[in-house]
Amino acid sequence: MDLEWSAADLAFRDEVRAFLDERLTPDLRRAGRLMTSVYADHEASMRWQAILHERGWAAPAWPVEYGGCDWTVTQHYLFSRESILAGAPPLSPMGISMVAHVLIEFGTPEQKEFFLPRILTGEVFFCQGYSEPEAGSDLAALSMTAEADGDDLVCTGSKIWTTHAGEANWMFCLVRTSRAAKKQQGITFLLIDMSSPGIEVRPLVMTSGEQIQNQEFFDHVRVPKANVVGEIDDGWTVAKYLLEFERGGSAAAPKLQIMADEVARAAAGQPGPDGRPLLESPAFAAKLADARIRIDVLEVLEFRVLSAAAGGRNPGTASSMLKILGTELSQTLTELLLEAAGPRGRAYQPHATRPGGPLAGFAPPADGYVSGEEWQAVAPLRYFNDRAGTIYAGSNEIQRNILAKAALGL
Amino acid sequence: MDLEWSAADLAFRDEVRAFLDERLTPDLRRAGRLMTSVYADHEASMRWQAILHERGWAAPAWPVEYGGCDWTVTQHYLFSRESILAGAPPLSPMGISMVAHVLIEFGTPEQKEFFLPRILTGEVFFCQGYSEPEAGSDLAALSMTAEADGDDLVCTGSKIWTTHAGEANWMFCLVRTSRAAKKQQGITFLLIDMSSPGIEVRPLVMTSGEQIQNQEFFDHVRVPKANVVGEIDDGWTVAKYLLEFERGGSAAAPKLQIMADEVARAAAGQPGPDGRPLLESPAFAAKLADARIRIDVLEVLEFRVLSAAAGGRNPGTASSMLKILGTELSQTLTELLLEAAGPRGRAYQPHATRPGGPLAGFAPPADGYVSGEEWQAVAPLRYFNDRAGTIYAGSNEIQRNILAKAALGL
Amino acid sequence: MDFSLTAEQQLLRDSLADWLADRYDLARSREAAASEAGWQPEVWRAFADDLGILGATLPEEVGGSGGGPVEAMVIAEQLGRALVVEPYVDTVVLGGGVLRRLPGAGDVLKGVVAGSVRIAPGLLEPTSGHTAHSVATTARRDGGDWVLTGAKAVVPGVPQATHLLLTARTSGEQRDLDGISIFLLPVELPGLQVHRYRTIDDRHAADLVLDDVQVPADALLGEEGRGWTALAPALDEALAALTAEAVGCMRTVLADTVAYSKERRQFGQPIGSFQALQHRMVDMHLEVEQSVAAMYLATLRLGAEPAERARATSAAKVTVSRAARFVGQNAVQLHGGMGMTQELAIGHYFKRLTAIEYELGPADHHRSRYASLTPKPRSAERGED
Amino acid sequence: MDFSLTAEQQLLRDSLADWLADRYDLARSREAAASEAGWQPEVWRAFADDLGILGATLPEEVGGSGGGPVEAMVIAEQLGRALVVEPYVDTVVLGGGVLRRLPGAGDVLKGVVAGSVRIAPGLLEPTSGHTAHSVATTARRDGGDWVLTGAKAVVPGVPQATHLLLTARTSGEQRDLDGISIFLLPVELPGLQVHRYRTIDDRHAADLVLDDVQVPADALLGEEGRGWTALAPALDEALAALTAEAVGCMRTVLADTVAYSKERRQFGQPIGSFQALQHRMVDMHLEVEQSVAAMYLATLRLGAEPAERARATSAAKVTVSRAARFVGQNAVQLHGGMGMTQELAIGHYFKRLTAIEYELGPADHHRSRYASLTPKPRSAERGED
């Protein structure tokens, strides 16, 4: 029993580090640092994807035959970890980390051939159409209909909470192809070309003022049946397979460590109640130490999952646990960053952040003035956007329901 | 709008203070200070009741004709408050504050004549028989039966969580006289002479090692029907009336203030992590300040209830709120006292506390040695016993259910 | 011991509540906040002329109604309830509270009452954190004038303001209470650099740079170096009023959340029927009720001696900072994705509650101040045994 | 990166778990604790002879099996699970941990392995609080002897112990790390006053008064004044083992609570079907799982350099102190009145968890230590922009 990496793992880590040192340009790092949500500036993220693709590392988790890497579980983890620690802008997960795995498992040869290479290059960029206005936590209650008409399915309904709907040229979504007694039945997993006639995208203005998510309206949108993944009416099987990937993001601790370091740097430069640096204020220092301790512990929990996966064992209910702990810690850290920002944390200056736009009704100052430092502009927006962590991907209440049943047998 | 007492109220308060100064002897105060639960040493409590009775203040809330005081609502509050602040040992509520009110409202002339004067003198001392092993939070599920047989009811079953069952010569309890569709029906409010044949009292050893509560077994115990209060089968009406009195204890804030002061005194004399007094340790000081702030706020909530009552208005759902806030704060303060006790808080020395006995399997040291100071002996026992606060008199979960419905309409 | 409003106070509350319900539209007020003007001047005019709330707490000799803390509480709570962005507390309670304690500000106060004068209190600085008595900006005499040098950060209410109320140090060290002087200046001032911006809660503020700005002798209000004696009580009054505003916000947020939980159905039933969510809303309710009590505590102790006043207002701020966070965050959580947007009112209220959490000092600040004002324990009374 | 036990470690775990399930009765162990003896010597003999756990972590040259932190973890967790009152951690991990770092203690360690020697570590004092390096007891040379003066408080395991391991100051100020010396003394010592008592968690402890107690020169172990170099790592080992013991306790408590919630019916259904209680138990589960991770963290960092070792063990203690309180308190709450009694196991486990919360320092202590060992941030990397 030990917490050390093997020599081979350390060599791999050094290789990744060297690559990151060389290719991660200051402006890419800056895009990572100024992120106000889990999504980086789109342009920077795509630029970084191109650089990774050049190295063959854009989609390491894919099978080698499709362009993935023949890495061990530990190497995958180390690659994620080092990318995060270096401040790389994360890639959108929708294509590479989500629908691609579905295509690889359930796709037709034609689907694989068309989509997978284009996802790698960025030519195809996916958004996700799962939630609907009346189907949130209760995803299986979805009602967007797809009626068969010849070789097509004709889709009518609405999807919501769609990130990057404006940038995406494809959407993967769940639609209802028949009404069955059990609401999980009759759902189909479908790929929709976003340039199809009848689709309207309405950006949602978030609390942060940013337009991160969207609602789409589908009015008799014709989609070829060839775009069904898996079987018609059997989409829930596909969705369940995919849910595991969405929830599995098992390198939360490194990201949280970065956030804690940001808080420490921020608080070191701001005055606390007694005039000394806030970082030396006992109350603030205790909150930060407490968060760091929780991160240290979460890291070991992630290591255990990693170790189980590396040994081919099932991590069980760990994903729900990691989701709860990771998102709640992230929210704690955004609170601390906002507190560290002091009075400046009240200034609304999205022009100093990334992505920073589009922004409903906001005109940046002509002289580009920023009150305080850039991180102080980031702090409130990150705080607002991070509230999503406990809501999406199965709210933390849903995760607790899952654990009550699966971990405790209640 | 103001937070001040009137001149008349202040004059009354001074009269109470003068009385307490004069009659509350050091050993009575000591019995109050060394309490490990909400119950004082029985002997001390009865001695104090006798002194109060002599002054006509043993049962001020009763109607004057039965020996109560013609006080305003505010005067009642001030009397409670000053008694608590002076450290008087509280009287058992079961007789004076509970069953007496039921007798006054529902009792026959004979019942009133027999019981009320004797409750005042202490000649009759009541315990409460509500909970049963299978009827805790779900009180209406109680199953102790009372079958009519001539002029008697014949009682068989068990009661549990009975404080002072050993000291009491009477019990008021709820028994099932008939099975109806609705479980609240068919319950009868009954007074039982504890010397009746067929009653066995089994003391329960609490986590603190103390025998505070008991379970009683009733085997065909004959009780005259004359001891029914209210109508047979209509006991739930009586119980509901009484519940209001049990939960109403509206002078929690003064008691909590006393507890916070105890914590402060304790922490001032103990070393904190950096060698300075624990009270000056920022982490501990912050916790204590936080508790004091909550107490200040709770006091205003109590004042609002008092003010509403003084104005003849219904305090609404305040009792559930005050119960939750008061008990949770009390538990916080017992935690802080235990933390202040330091390593000494681990010593089990009930001989230095009140009531201190009877104690299963505990022999006090021959020389009466106490590790540390008396409050350090009190601290752990009080911590253990105070866990009951969120369980009894309607657990805090039940109170939250009540508030969800009554305050929020959920 | 009395928690009832007088008939006049009830009338004030009801007429303001009715006016806001009829006339103060949330969406329109946000549009105004996003505009160059940054506010709705006609609202302010109505506050002055139709409702008389700007003078409600100011002395009769400047045209006010001579009300006190309870009137400020009643007004601030209703403004919070409707999420009014026009900065009443900053201008009238804090700004007006300082000015009415200083000689020579009578005309300005008359303007406040009339709605023609609006005061932006510039207390905080780039290195002050939330500590108002941390003043590094200096004022030195230059002949009959004063010369101000330094910077002010996040001065609230600047596009609306006609006047700036600035602190500057005329002696002492940065955090000394003595040596702080108060200057009242027109908002258009030669040599003053103003960087305006919106705040997260749809208000406006500005950073000011004072680079040897020359102002006349009468810009100094009150005694040189003794400004803290006027500031300290006014800041406590602002804390009490802010607590009341928070209570108003939270009442709306809680009511909206409970209503939403009854309407929103998932898994075939209203989400408000799930016990875990019911208990969460009960805890929100408990936080709101404690904040109401804190509001009374702070308001009704404003007339007490300074330590008791400060202790009560700090207790109140700790309580509402905690409550604002808990109620705001959980309202968002219970609204799910919708709570993350500006589609519903909840998002806007959450932003204001977030600002309130830190405004005039976060919980840690006030917990420390409270602790420092709590008498040390007498030694244990062991003599009695 | 490996979280698996070796075959030997699994065997150790399973044989101990089986033995305890068969032979260690909760009620009988409490009876023994309440008796004059205070423990079951036959249990200790079995630990030494049948199970070999007393020597599992001690070097082979004293008869041990030469195991390390993982063995201590495995043992302590199982002892916690069965709520064993015999003081393994104090005697073997802490006492043995100090002794094996000091010359001249070989024979004593052999006795520990054999079960004939039991060590009571007397580190805390009336004015030390939980700080082990706060030593006011003094030792001064007197010819070839040492004379000890002072007092020790809450020395654990005294009726079982054959030896006392005491700290005394030979130079420096009360809280200095230098100047602490370690003395090993027989428990029966002329001039030593011993006040024995039970602890809340059904163990035993004693207060010691040393009033010019004369001891021979060889009572000093190791170098004069350098005792902290042996104590510091042994205390961290004890922290890791205590964390493991807590994990064992909490696993039992959680399992009991979940089982109880499925059996206990109120309002016509098992209380475990109420969502609010389900989520509470999930939160307990999360605390237990975090404690398990903390146990690994502490255990597997014991070999790291001192600052990292101390940071990991403090992180673990903060985690289990929080978890012990949360899990213990909520287990009682969910058991209702029954949780308040000694009728069920839960009451006994709750008392042990309460003791663990504070033992070797409460959360605030260790959070401070952790913070003080956290590297200060490098200045913000702005050069890259």
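Order of the sequence lines fixes the chain letters, A, B, ..., with proteins taken first and strands second; residue numbering starts at 1 for each chain.
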Would you mind reporting whether [Y] and [X] have side-chain heavy atoms less than 4.5 Å apart?
{"X": "L410(A)", "Y": "M281(D)", "answer": "yes"}
{"X": "L300(D)", "Y": "V300(A)", "answer": "no"}
{"X": "L408(A)", "Y": "S261(D)", "answer": "no"}
{"X": "H366(D)", "Y": "I293(A)", "answer": "no"}

With a 4.5 angstrom heavy-atom cut-off, is it the side chain or the backbone of [X] that approaches chain A, or both, or neither?
{"X": "S4(D)", "result": "backbone"}
{"X": "Y370(D)", "result": "side chain"}
{"X": "S368(D)", "result": "neither"}
{"X": "D283(D)", "result": "side chain"}

Counting only non-hydrogen atoms closer than 4.5 Å, does L298(A) touch chain D with its backbone (N, CA, C, O), its side chain (CB onward), both, or neither? neither

Whatever's closer than 4.5 Å to a heavy atom in chain D on A407(A) counts as side chain

Taking R367(D), K262(D), Q278(D) one by one, which has the highest count of heavy-atom pairs under 4.5 Å against chain A? R367(D)

Hey, which of R311(D), Q290(D), Q9(D) has the most heavy atom pairs under 4.5 Å with chain A? Q290(D)

Testing the basics here: between V297(A) and A293(D), what is the closest heavy-atom pair and its distance to 0.1 Å? O-CB, 3.6 Å

Restricting to non-hydrogen atoms, name the atom on M321(A) and the atom on L286(D) that form the minimum distance, rounded to 0.1 Å. CG-CD2, 3.4 Å

Please report the interatomic distance [atom1]([X]) to [atom2]([Y]), rounded to the nearest 0.5 Å.
{"X": "L3(A)", "Y": "R301(D)", "atom1": "CG", "atom2": "CZ", "value": "4.5 Å"}
{"X": "T319(D)", "Y": "R294(A)", "atom1": "OG1", "atom2": "CZ", "value": "8.0 Å"}
{"X": "R400(A)", "Y": "R280(D)", "atom1": "CZ", "atom2": "CZ", "value": "12.0 Å"}

If the contact rule is any heavy atom under 4.5 Å from chain A, which residues of residues 66-76 of chain D qualify, in numerical order? V70(D), M73(D)

With a strict 4.5 Å heavy-atom criterion, list every residue of residues 285-292 of chain A that contacts chain D, or say none. A286(A), A289(A), D290(A), R292(A)

I need the residue from N401(A), T25(A), L306(A) with the largest number of non-hydrogen atom pairs under 4.5 Å to chain D. N401(A)

Could you have a look at A266(A), G409(A), A318(A) and say which one has the most heavy-atom pairs with chain D under 4.5 angstrom? G409(A)

Where do D2(A) and F3(D) land on the side-chain contact (heavy atoms from CB on, under 4.5 Å) test, with the steps shown first? CA-CA 7 Å; D2(A) 67 71; F3(D) 290 87; over 6 Å; no

